A.B. asks: 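My questions will all concern the structure given below.
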Amino acid sequence: MSSDNQIAQEALTFADLGLSPKVLSAVTDAGYTVPTPIQLGAIPHALQGKDVLGIAQTGTGKTASFVLPMLTRLEKGRARARMPRTLILEPTRELAAQVEENFIKYGKNHKLNIALLIGGVSFDEQEKKLERGADVLIATPGRLLDHRERGKLLLNGVEILVIDEADRMLDMGFIPDIERICEMIPFTRQTLFFSATMPPEITKLTEQFLHAPVRVEVSRAASSSTNITQRLVKSGPKPWDKRETLRNLINAEADGLKNAIIFCNRKVEVAELFRSLVKYDFDAGALHGDMDQRARMQMLSNFRDGKLKLLVASDVAARGLDIPEVSHVFNYDVPIHAEDYVHRIGRTGRAGRLGKAFTIVTKSDVKYVDAIERLTGLKIEWHDGDLSTVVASESEDDAPRRGRGAGAPRRSGRKDEGERKPRGERRPRSAAEPKPADEKAQHQPELRSEPVIADNDERPARREAIKTENAERKTRPERADQPRGDRQERPRREDRNARQRQEDNDGTVGFGDDMPAFMRVAGKV
DNA sequence: AAAAAAG
């Protein structure tokens with residue numbers, strides 16, 4: 001460990017790490033000169049053929065810390081048919097694709113065959129690539145094993161094995177698969193193993209499959225990072241309350257909001273919230289695991305390229321995805337598992353940038369917030385007053401407003417909202433309805449919110465640009481390969497009331513009738 | 001109270 005430190009102190013640029021000229025030139029072309037701590041710690045050892053145990057979050061430069069030495073080592077030798085020379089295991093399809101992009105970027109001076117084996121796409125092309133002999137094989141476990149069972153893949157030629165995001169593999173129940181795969185690969189391989197955390201199961205795995213690993217640990221940037229401003233935002237409990245809270249928040253943050261990921265706990269909510277935001281003319285897209293794979297990729301790349309401002313997503317997007325310059329994370333739902341919170345907000349404030357993370361909290365979420373604060377050891381401030389200042393009402397579903405004393409007469413027959421259209425975004429009460437006088441004081445927001453970086457002079461132009469791009473995007477024939485045919489079941493309501501939007505962003509983007517079918521799918525029950 | 005990954 002002292003040797004790591006020495007290397008870290010002496011080697012200050014990529015040129016000092018022992019990478020090949022081809023790799024170095026690609027790194028330089030990509031605009032990088034100074035390695036991150038994980039790269040400094042891992043690359044020299046990886047080049048020497050040692051096993052590495054890297055404990056690091058994404059956003060720390062972890063991917064390059066195995067891609068670059070692998071490329072250097074791959075310069076000697078050739079792949080044989082169906083016998084890949086290296087294997088990288090990733091927990092999600094998006095992460096796998098992201099690693100492939102890294103190999104393409106940094107391997108541009110090499111002639112390497114790269115194969116990406118992930119589910120949701122056809123086998124044919126993947127098999128062709130295997131047949132041709134893959135230098136680099138990047139895979140999610142399920143599809144990899146599938147190929148192997150079909151006899152299209154032999155793993156006994158693998159020289160380097162990378163297991164990435166091991167703790168997430170654990171969460172997702174992949175460990176048995178990982179063990180199986182590890183056992184198929186020769187003992188003589190080099191193993192590079194990465195995990196953000198080291199729960200006991202993972203430690204056991206490393207003891208089982210790593211040989212005298214060099215341990216490289218970098219301080220967790222994301223979890224305790226001070227460059228992310230975190231706030232809790234009070235909200236009423238109903239979907240329309242939360243959606244309104246979110247809209248208000250997005251509008252209030254408009255000046256500093258370059259782009260944002262909005263996390264929901266469930267796929268259904270992703271689809272619903274997405275539809276709602278589009279209806280309100282926000283530049284939004286959606287991403288969750290039930291979407292067609294092509295659409296997932298498309299959404300992600302649009303968001304990454306800045307063609308899409310808001311990405312409504314499930315936790316498929318919570319970990320690992322490397323999207324630089326996400327300015328905001330909104331937790332539309334408080335994550336049930338506290339660790340997920342850390343991963344979600346880690347999508348912003350990356351690479352030393354400033355980020356903001358807002359979490360919408362209803363009364364019933366308080367216990368989850370407590371768990372998050374316990375985990376992170378931080379008390380998260382309220383954005384504009386805590387829940388005691390929100391409408392004191394919200395017993396389950398009725399109670400338009402529990403004015404104290406003689407309650408306002410309930411509207412009869414409104415016990416369940418069966419006949420109401422939740423999609424209509426109607427609010428059960430008027431926003432202008434005054435609070436009882438004795439509660440007014442509490443209603444004042446604490447005027448101590450953080451300063452916002454002012455760059456509003458460029459904003460309108462930027463918005464226009466985004467709208468234009470969005471309009472282009474929606475003309476893509478996205479639904480061509482959509483298998484499910486339940487679009488017509490849902491009555492369309494295209495008669496928008498003009499009063500729905502008194503905001504300035506009435507440029508009418510959104511999908512309207514062009515909304516791709518996959519967006520609707522998850523909303524079905 | 002979930003999501004993800006094989007189909």
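Labels below follow one simple rule: chain letters A, B, ... track the order of the sequence lines, proteins then strands, and each chain is numbered from 1. Predicted model only: the values in this text are computed from it and were never measured. Just the heavy atoms: all of them, side chains too, but no hydrogens, waters or symmetry mates, feed the values below.
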A.B. asks: What's the CZ-P distance between A:Arg180 and B:dA5, to the nearest Å?
C.D. replies: 18 Å
A.B. asks: Which nucleotide wins on minimum distance to the side chain of A:Lys367, given the candidates B:dA2, B:dA1, B:dG7?
C.D. replies: B:dA1
A.B. asks: Heavy atoms only, 4.0 Å cut-off, all strands: where does A:Gly173 land among base, sugar-phosphate and nothing?
C.D. replies: nothing
A.B. asks: Choose from B:dA2, B:dA1, B:dG7 the nucleotide whose nearest atom is closest to any side-chain atom of A:Asp146.
C.D. replies: B:dG7
A.B. asks: Could you state the CG-P distance from A:Asp290 to B:dA6, rounded to the nearest angstrom?
C.D. replies: 13 Å
A.B. asks: Can a side chain N or O of A:Arg266 be found less than 4.0 Å away from OP1 or OP2 on B:dA3?
C.D. replies: no
A.B. asks: Nearest-Å distance, CG (A:Asp171) to C1' (B:dA2)?
C.D. replies: 12 Å
A.B. asks: When all nucleic acid strands are considered with a 4.0 Å heavy-atom cut-off, which category describes A:Phe263: base, sugar-phosphate, or nothing?
C.D. replies: nothing
A.B. asks: Is there a side-chain polar atom (N or O) of A:Ser314 under 4.0 Å from OP1 or OP2 of B:dA4?
C.D. replies: yes
A.B. asks: Can you tell me the distance, in whole Å, between the CZ atom of A:Arg93 and the C1' atom of B:dG7?
C.D. replies: 10 Å
A.B. asks: Please tell me if A:Arg296 has a side-chain N or O lying less than 4.0 Å from either OP1 or OP2 of B:dA5.
C.D. replies: yes
A.B. asks: For A:Leu144, run the side-chain contact (heavy atoms from CB on, under 4.5 Å) check against A:Leu137, A:Ile138, A:Asp177 and tell me which one passes.
C.D. replies: A:Leu137
A.B. asks: Just how far, in rounded Å, is C1' of B:dG7 from CG of A:Asp177?
C.D. replies: 14 Å
A.B. asks: May I ask you to evaluate whether A:Thr140 reaches the phosphate of B:dA6, defined as a side-chain N or O under 4.0 Å from OP1 or OP2?
C.D. replies: yes
A.B. asks: Tell me the interatomic distance from A:Leu144, atom CG, to B:dA6, atom P, rounded to whole angstroms.
C.D. replies: 10 Å
A.B. asks: Within the structure shown, what part of the strands sits under 4.0 Å from A:Pro91 by heavy-atom distance: base, sugar-phosphate, or nothing?
C.D. replies: sugar-phosphate
A.B. asks: ring-ring contact (aromatic ring centres under 6.0 Å, His included) with A:Phe103: which residues, sequence neighbours excluded?
C.D. replies: none
A.B. asks: Take atom NZ of A:Lys267 and atom P of B:dA1, then tell me their distance rounded to the nearest Å.
C.D. replies: 16 Å
A.B. asks: Look at A:Lys62 together with A:Asp164 and state whether they make a salt bridge at an N to O cut-off of under 4.0 Å.
C.D. replies: yes
A.B. asks: Looking at A:Arg180 and A:Glu149, is any side-chain nitrogen of the basic one under 4.0 Å from a carboxylate oxygen of the acidic one?
C.D. replies: yes
A.B. asks: Given the structure, check if the side chain of A:His288 and the base of B:dA3 hold any donor-acceptor pair shorter than 3.5 Å.
C.D. replies: no
A.B. asks: Using the test ring-ring contact (aromatic ring centres under 6.0 Å, His included), find all partners of A:His337 that sit at least two apart in sequence or belong to another chain.
C.D. replies: none
A.B. asks: In this structure, how many angstroms lie between the C1' atom of B:dA1 and the CG atom of A:Asp315, rounded?
C.D. replies: 13 Å
A.B. asks: B:dA5 phosphate, OP1 or OP2: any side-chain N/O from A:Arg168 under 4.0 angstrom?
C.D. replies: no
